[in-house]
Amino acid sequence: MRGIGRWMSDHGEVVGILVFLLVVIVIGGASYGISYAAGGGSGKKSPSASLPGAETLAAGNSAESQNGSQPESTPAKGNEPSVKPWESESESQPAQSEESKESSAPAATEPVPGGNSTAAAGGEDQGDTFTEHGVHFQAVDEQVTAKIETNLRLVPSTEKDEDVVTKIYNGDWIRRTGIGHNGWSRVEYEGQVLYAVTSYLSTDGSSSSAPTYQEASDNVTAKDEVYLRSAPDSSSDENVVAILKQGEFVARTGISSNGWSRLNYNGTEVYAVTSLLTTE
């Protein structure tokens with residue numbers, strides 16, 4: 001003991017330092033123990049333990065945690081479902097605008113002035129063209145009558161007399177539904193489709209007067225062959241007198257205003273279509 005006391009006497013400065021360190025260690029240990037108890041045994045110093053009202057804050061935090069008020073998780077942007085579970089399929093579809101509804105509706109057909117917008121031949125619009133019996137017709141819808149006695153035929157041809165269904169006269173009005181490129185008209189008579197020579201029909205009710213002839217004195221022949229008729233009328237073949245062939249010349253005595261020529265055939269006055277004759 002004497003040796004220890006002497007050593008401490010000789011090393012008083014060192015002893016003082018050791019005593020100071022011992023005091024610091026004791027005080028620090030006591031402080032750590034208090035902090036451990038206040039921090040719930042976590043070993044960390046509670047920042048609120050040394051502040052006034054720490055108990056109140058701690059109690060409030062405890063109550064909040066018991067009520068389960070945790071922040072709601074927000075779905076990441078771009079991961080939200082395109083259709084919410086409570087929406088119906090019809091509600092999720094974009095509403096059709098009035099403009100799109102109107103454009104998708106079938107357009108109404110505008111009526112043609114005059115009431116009848118189409119001809120009877122398959123419902124062609126007026127001005128359209130259609131073909132029947134090899135004849136190209138332009139569709140029309142109008143009333144016509146005969147200038148003179150006119151045959152109505154089953155086909156646009158004068159080859160067969162048995163094709164004649166009936167005759168109409170000036171004042172007998174029928175419906176015309178087509179005008180052909182070859183001089184025939186398509187007409188309707190008592191619900192039947194028939195054909196008549198266009199030049200014999202009138203839309204204004206006028207009748208045909210006797211054609212006028214310009215005097216002529218030349219010799220003509222057929223370009224190919226042509227009927228010589230007793231009257232300037234091609235609605236029937238009953239008036240055919242003879243057939244003039246190419247190279248056979250006859251005297252022409254007159255050219256009419258309606259496309260016929262007056263001829264002298266073996267002393268008989270006959271008629272032929274001017275466009276089918278030639279002087280060469």
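All figures in this text were calculated on a predicted structure; none of them were measured in a lab.
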Inset, instruction - To the nearest 0.5 Å, tell me how far I255 CD1 sits from Y213 OH. - result: 11.0 Å
Inset, instruction - Measure the shortest side-chain to side-chain distance between L277 and L244 over non-hydrogen atoms and say whether it is less than 4.5 angstrom. - result: yes
Legend entry - Nearest atoms (heavy-atom pairs only) where A272 meets L228: CB-CD2, 3.9 Å
Legend entry - OH/Y200: more than 12 non-hydrogen atoms of other groups inside 6.0 Å: yes
Inset, instruction - With sequence neighbours excluded, tell me which residues meet side-chain contact (heavy atoms from CB on, under 4.5 Å) with T278. - result: T221, K223, E280
Inset, instruction - Taking atom CD of E162 as the centre, report whether more than 12 heavy atoms of other residues, nucleotides or ligands fall under 6.0 Å from it. - result: yes
Legend entry - Closest heavy-atom pair and its distance - W184, V155: CZ3-O, 4.4 Å
Inset, instruction - Salt-bridge test for E225 and K245: reply yes if a basic N is under 4.0 Å from a carboxylate O, no otherwise. - result: no
Inset, instruction - Let me see the working for V165 and Q192 under side-chain contact (heavy atoms from CB on, under 4.5 Å), right down to the final yes or no. - result: CA-CA 10 Å; V165 175; Q192 189 174 9; 4.0 Å; yes
Inset, instruction - Check L201 against A196 and note the closest heavy-atom contact, atom names and distance. - result: CD1-CB, 4.1 Å
Side-chain polar contacts of residues 259-271 - donor-acceptor pairs under 3.5 angstrom, sequence neighbours left out - could you list them?
| residue | atom | partner | partner atom | Å |
| --- | --- | --- | --- | --- |
| S261 | OG | R252 | NH1 | 3.3 |
| S261 | OG | T274 | OG1 | 2.8 |
| R262 | NE | T253 | OG1 | 2.9 |
| R262 | NH2 | E215 | OE2 | 3.4 |
| R262 | NH2 | T253 | O | 3.1 |
| N264 | OD1 | G267 | N | 3.0 |
| E269 | OE1 | Y271 | OH | 2.8 |

Legend entry - Test: D237 and R229 ion pair at under 4.0 Å: yes
Inset, instruction - Using only heavy-atom distances, determine whether the side chains of H136 and T129 contain a donor-acceptor pair under 3.5 Å. - result: no
Legend entry - Heavy-atom closest pair, residues Q143 and W173: O-CZ3, 3.7 Å
Inset, instruction - Just say parallel, tilted or perpendicular for the rings of F130 and F137, cut-offs at 30° and 60°. - result: parallel
Inset, instruction - Examine the side chains of T145 and S202 and answer whether a donor and an acceptor come within less than 3.5 Å of each other. - result: no
Inset, instruction - Decide whether E132 and Y195 meet the rule of one side-chain donor and one side-chain acceptor closer than 3.5 Å. - result: yes
Legend entry - Closest contact, heavy atoms only, T198 versus S185: OG1-OG, 2.8 Å
